[in-house]
Amino acid sequence: MPGIYIHIPFCKQACHYCDFHFSTVLKSKGDLSSPGSILQTIYFGGGTPSLLSGDEIKNILTVIRKNFTVEDKAEITLEANPDDLTREKLESLRLGGVNRLSIGIQSFDDEDLKWMNRAHSAAQAIESVKLSQEAGFDNITIDLIYGTPLLTDEQWKINFSTAFDLNVQHLSCYALTVEPRTALAHAIAKKNQAGVEDGKQAKHFGILMEMAARNGFEQYEISNFARGGLYSKHNSSYWLGEKYLGVGPSSHSFNGESRQWNIRNNNEYIRIINEGKIPAETEILTEQNKFNEYVMVSLRTMWGCDLEKISKDYGTDVAETFFRQAKKKIETGLMIQQNQNFILSEKGKFFADRIAADFFVV
Ligand code: SF4
């Protein structure tokens, strides 16, 4: 199993757009540390993993090392919010074994950050990257969100340039989505908030692709950009269909044949684990599920869909149907063929989900 994902389900405050599983009640934070294969990646996601102390992270890593062999050069990523990254915290994270930081900056504009209900300012965001670099982190990714109502085209360009000037190795950039049952969805429903404009999001995505290419960032996945080949090994293994184990409330696992979801409730998760059971539901994937997932995920990457793999894993009939449909997409300029691989063109990247759905076996 190449990777392990640890979900830390706590946050200081709730961002208005967020649909992840987290609790702002931190009192059970210490009760969630819990337990082979060789691991190439370890990923602390959330929630807000940087709410844990360096010692708490170190304890979790010690438990992982007791139960698995961890490769010497394993990528160990921790998602962090700028307001948590003090000099001391960074030092303890580095000594604890973390070697890659994913900083949830989202915007370098204070108005935009306030609108999202983020807990940090633009100045703190910049400072957090500089402090991380001073502490010795040389593999840093930052998250940015575009298409928010207050974000002008000009500010979006400034956000990108600021990230570029900070010399980060990797960017994850997402269009704002309105998830049901979030504060943002309620505000839009009550007409207290403008909805998301598709045209603006598409424009920001275009600006992003153009600026990324101009500044030497490779778009290796539709929302992910890397310099110097520093792709996220952990996320790439998801996209390449490798196995992973998810630990913590709401995390997912995949073993090649089935997918498993842990429950999204911290207290219940702890109670069931303490009874020696696994608090999860499992779905066995059909061949159809696997093919659709393969197309949906790989089409978003620069490696695209591999016709030989489709033929080998799903049969020649499925491969022939795929090839016929792909040819039509190529004729309309939405896809490109590179040897046996079919990838999205620049134009196609604007419609990735819709294009993938056209290939689904139903
Ligand atoms: S976006 Fe991140 S910090 Fe904000 S509520 Fe969601 S998980 Fe917590």
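Every number for a ligand or one of its atoms is a count from 1 in the order of the listing. Values below: every heavy atom of this structure, side chains too, minus hydrogens, waters and symmetry copies.
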(Q) Is the positively charged end of Lys329 above the ring of Phe342, judged by distance under 6.0 angstrom from the centroid and angle within 45° of the axis? (A) no

Check ion pair [X]-[Y] (N to O, under 4.0 angstrom):
X	Y	result
Lys328	Glu331	no
Asp83	Lys12	yes
Asp153	Lys200	no
Lys233	Glu71	no
Glu308	Lys312	no

[X]: numbered ligand 1 atoms lying under 4.0 Å from its heavy atoms:
X	value
Asn81	3 (S)
Cys18	1 (S), 5 (S), 6 (Fe), 7 (S)
Thr48	3 (S), 8 (Fe)
Cys11	3 (S), 5 (S), 7 (S), 8 (Fe)
Gly47	7 (S)

Q | Passing option when Arg259 is tested against Glu281, Glu283, Glu293 for salt bridge (charged side-chain N to carboxylate O under 4.0 Å, His left out) | A | Glu293

**Q.** Identity and distance of the protein heavy atom lying nearest atom 2 (Fe) of ligand 1
**A.** Arg118 NH1, 4.0 Å

Q | atom 4 (Fe) of ligand 1 to nearest N/O/S of Cys15 below 2.8 Å | A | yes

(Q) Can you tell me if Met116 contacts ligand 1 (heavy atom of the residue under 4.0 Å from the ligand)? (A) no

Q | Side chain, backbone, both or neither: the part of Gln13 lying under 4.0 Å from ligand 1 by heavy atom | A | backbone

